[in-house]
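Each ligand, and each atom within it, is numbered from 1 in the order the structure gives. FYI, the numbering just counts along the sequence from 1.
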Amino acid sequence: MTTEFRHFNGGEPIDAEALGAAVQSHLTYTLGKDAAHATRYDWRMALSYAVRDRITDAWFAATRKTYAEGAKRVYYLSMEFLIGRLLEDALVNLGLADAAEAALKAQGLNLMEVVCDEPDAALGNGGLGRLAACFLESLSTLGCPAMGYGIRYEHGLFRQSFEDGRQVERPEHWLSQQHPWEFERPEARFRLGFGGHVEHVDGRAIWHPAEVVEAEAYDTPIIGWEGKWANTLRLWSAKAVHPFDLGRFNHGDFYGAAEPEALARTISRVLYPDDTTDEGKTLRLKQEFFFTAASLRDILRRFDSEHDDLALLPQKVAIQLNDTHPAIAGPELVRLLHDERGVEFHEAVRLARGCLSYTNHTLLPEALEAWGEGLFAHLLPRHMEIIRRIDEDHAAQYPDRASRILDHGTVRMGELSFLMAHHVNGVSALHTELMKETVFSDLHRLHPERIINQTNGVTPRRWLKSCNGALSDLLTETIGTGWVRDLEQLSRLEPMIGGAGFIEKYAAAKRENKTVFGNWLNEEFNLNVDPDAMFDAQIKRIHEYKRQHLAILQTIADWQAIHDNPNGDWTPRVRIFAGKAAPGYVFAKEIIHLINDVAAVLNADKVTREYLQVVFLPNYNVSLAERIIPASDLSEQISTAGKEASGTGNMKLALNGALTIGTLDGANVEIREHVGAENFFLFGMTAQEVVARREIDGHAGRAIAECPALGRALEAVRSGRFSAGEPDRYRGVVENVSGPDYFLVASDFASYHAKQAEVSAAYRDRDAWARMAAYNTARSGWFSSDRTIGDYMSQIWGAKSLL
Ligand SMILES: *Cc1c(COP(=O)(O)O)cnc(C)c1O
């Protein structure tokens, strides 16, 4: 937390005393607590309410201005929002951090401890959900009239812990305490149907759903930088239409009486803990339709309150689909316009397409959503008819089209999204090109102007200003505060990187962050790390394509090499892992277990542990990322080329001065271009080479034969060196890497291993390393989500800033 800001937003000036009084007042009158008995939780709530009050005026002003100007609104539909904590974000964006610190100090409390009392709102799995959260903050910072729409899951992403090194999942109860940031909107409710049948009378379709639930809105204001604008995140909660069956209750059937409510609420009960595979569950499709349909009703209701000509829809409404999860928006909007408002069918399709655009996030075949036609038609019979007509009309128009929405008994949501969107975007330059060549090659040929690229970004408020106080203070002292809003101003550091004064301070800031992090590791996990060792971080979801197993095999090889020559001049390293595996993803869980097993052996090894330690931190989430990133020296971005769509963790780490060791994948390519090839450790095959390598018979076996270090590391795992008493524990991992090895761990090992040796050598020249790190910070300005959102506004949405 930094110190240079006072307050920004237009309301009454507020100092520590006034904020303190507001906190006191909420403590007394909102929470009903006497200061003498107030807990940390009470103080956090009181502070949150006092801060929320400061947001509300800007929020109302933004809404009034949007109506007054008849401005186009952007609607961001996303199944996931990984927002994390909100108090610190609000304090920093309002410039109230100092005032809050002083106000709490007067009560004998520490602001950071109060801030950390807030549970993470983990309504997402990983990168996709975090992107949506960064986008919301940038939309507000840029003053773009916008609204995020999603689901208010009662249980966010599971809480991860380890038992004997194995991942254990427990439900996350983020709502077990009051959530001070949201406003319940009981008046904003919509009824939504599922199932039933469709009746056709006089050319009109009437859907008679078999089941009806209610969606109720909860609004969270999202404040932008300097409190100048605030948009809304509107999350839907499912409720029963008739929550309680008094008749059954009076007959003594108490469970039965509560059943309708329990069933309806199931829809917003849990976040699916898997971001890459289609669970194939009716409930998942229900969730998708539930939040998408409720959002569209809400959008049309708002449109109707301002306009009476539906032809204006594309000029006033931009709807962004974050991946295919809200793809049902296409047919549902057509249904609302055609069936319910009487717009001619083709005109309804044209209007819907004029509003909709779609972001693709993955090329992994198993992650491209497809539903069985039977299941789909059963749940959404009218939508099935509309999709069939859209598909047939398009095929008639383009007779040489090869791919279809309805294909071999499935409904393909990627094709549907493409056909119903005016623009389709990838999330990094490489991913966008691969999208044109692979998943959408056929449709791209027919609609060559539709696919464009929008490389992801991260918000510098959370991912630099508030998470890295030491570096932020140095940046502000050196180039002023403009970088927070205009991150490319970081390039003004460049002339100073050559000289001595700045780089010493830059290195000192990193050293300070590492000490803070090391102390925290000590307090929380009883771990001792040396802040002079290299902190080497691989923090992200656990997935074969992200290749945590490549990193741990390489670690084993290093450990063996140190053992061979314990008096060698080794560069000390702490390898830090964090990340969750989807509960049903057996291989990913084995990787976690293996890393923990390796950590136990290595950390207990008196010969090697001064050079090499392994730490797997449990329960990776936004708050943990905010701790690890400022303290990291090395960023592991080692996915199989062609598989990581963009990555955003890579951007956060580079911005905070970690050097990347990475493949030419996703946004790594652009990071390397920006920071300079000499400040980036590149290894591994390219996406093309990956495809060619897979064609070689026995590619893994050959790679192992050519790389003794890999053979030896695998042998240690195979022999049970890390799983005493159970030598077969990792047979699956070993056999995979030595056999099919689809993700080419073996084939990329030698290149990775050699590059890691270069990294270790480079780290020994601390001055040169600090300069390379500083170039990473100075040249990462382009990766601000403000840049990304500015481009979406001008190139896709046609939306304007109202600031
Ligand atoms: C940034 C972030 C991610 C995305 O990380 P990648 O390395 O891009 O996969 C996932 N989870 C959390 C909590 C994050 O903050």
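By the 3.5 Å distance cut-off applied to N or O atoms, W463 is not counted among the residues near ligand 1. In terms of polar-atom proximity, A625 is not counted as a contact of ligand 1, lacking any N or O under 3.5 Å from an N or O of the ligand.
The part of N621 lying near ligand 1 is the backbone, judged by heavy-atom distances below 4.0 Å. Of the heavy atoms in R541, none comes closer than 4.0 Å to ligand 1.
Side-chain contact, Q756 with R573: a donor N or O sits under 3.5 Å from an acceptor N or O. Looking only at atom types and distance, the side chain of H431 has no donor-acceptor partner in the side chain of D665 under 3.5 Å away. Side-chain atoms of Q637 and T660 form no donor-acceptor pair, as typed in the model, at a separation below 3.5 Å. For N519 and E523, the side-chain atoms include no donor-acceptor pair closer than 3.5 Å. There is no side-chain donor-acceptor pair under 3.5 Å between Y742 and T640. Neither side chain, N513 nor T515, offers a donor N or O lying under 3.5 Å from an acceptor on the other. Between the side chains of E636 and Y752, a donor-acceptor pair is found at a separation under 3.5 Å. For the 3.5 Å distance criterion, the side chains of Q320 and T359 qualify, holding a donor opposite an acceptor. No side-chain donor-acceptor contact under 3.5 Å links Q548 and R541.
Within the listing of ligand 1, atoms 10 (C), 11 (N) sit less than 4.0 angstrom from a heavy atom of G126. Listed by atom number, the atoms of ligand 1 under 4.0 Å from G127 heavy atoms are 3 (C), 4 (C), 10 (C). Taking a cut-off of under 4.0 Å to the non-hydrogen atoms of K546, the atoms of ligand 1 that pass are 9 (O). Close approach to T648 involves these atoms of ligand 1, each under 4.0 Å from a residue heavy atom: 1 (C), 4 (C), 8 (O). Counting atoms of ligand 1 from 1 in the listed order, those under 4.0 Å from a heavy atom of K540 are 6 (P), 7 (O), 9 (O). Using a 4.0 Å cut-off to heavy atoms of G647, the atoms of ligand 1 that qualify are 8 (O).
Using a 4.0 angstrom heavy-atom cutoff, E626 does not count as in contact with ligand 1. For K652, the heavy-atom gap to ligand 1 drops under 4.0 angstrom.
The protein non-hydrogen atom at the shortest distance from atom 12 (C) of ligand 1 is Y620 CE2, 3.6 Å. In this structure, atom 5 (O) of ligand 1 lies nearest to the protein heavy atom G649 N, 3.7 Å.
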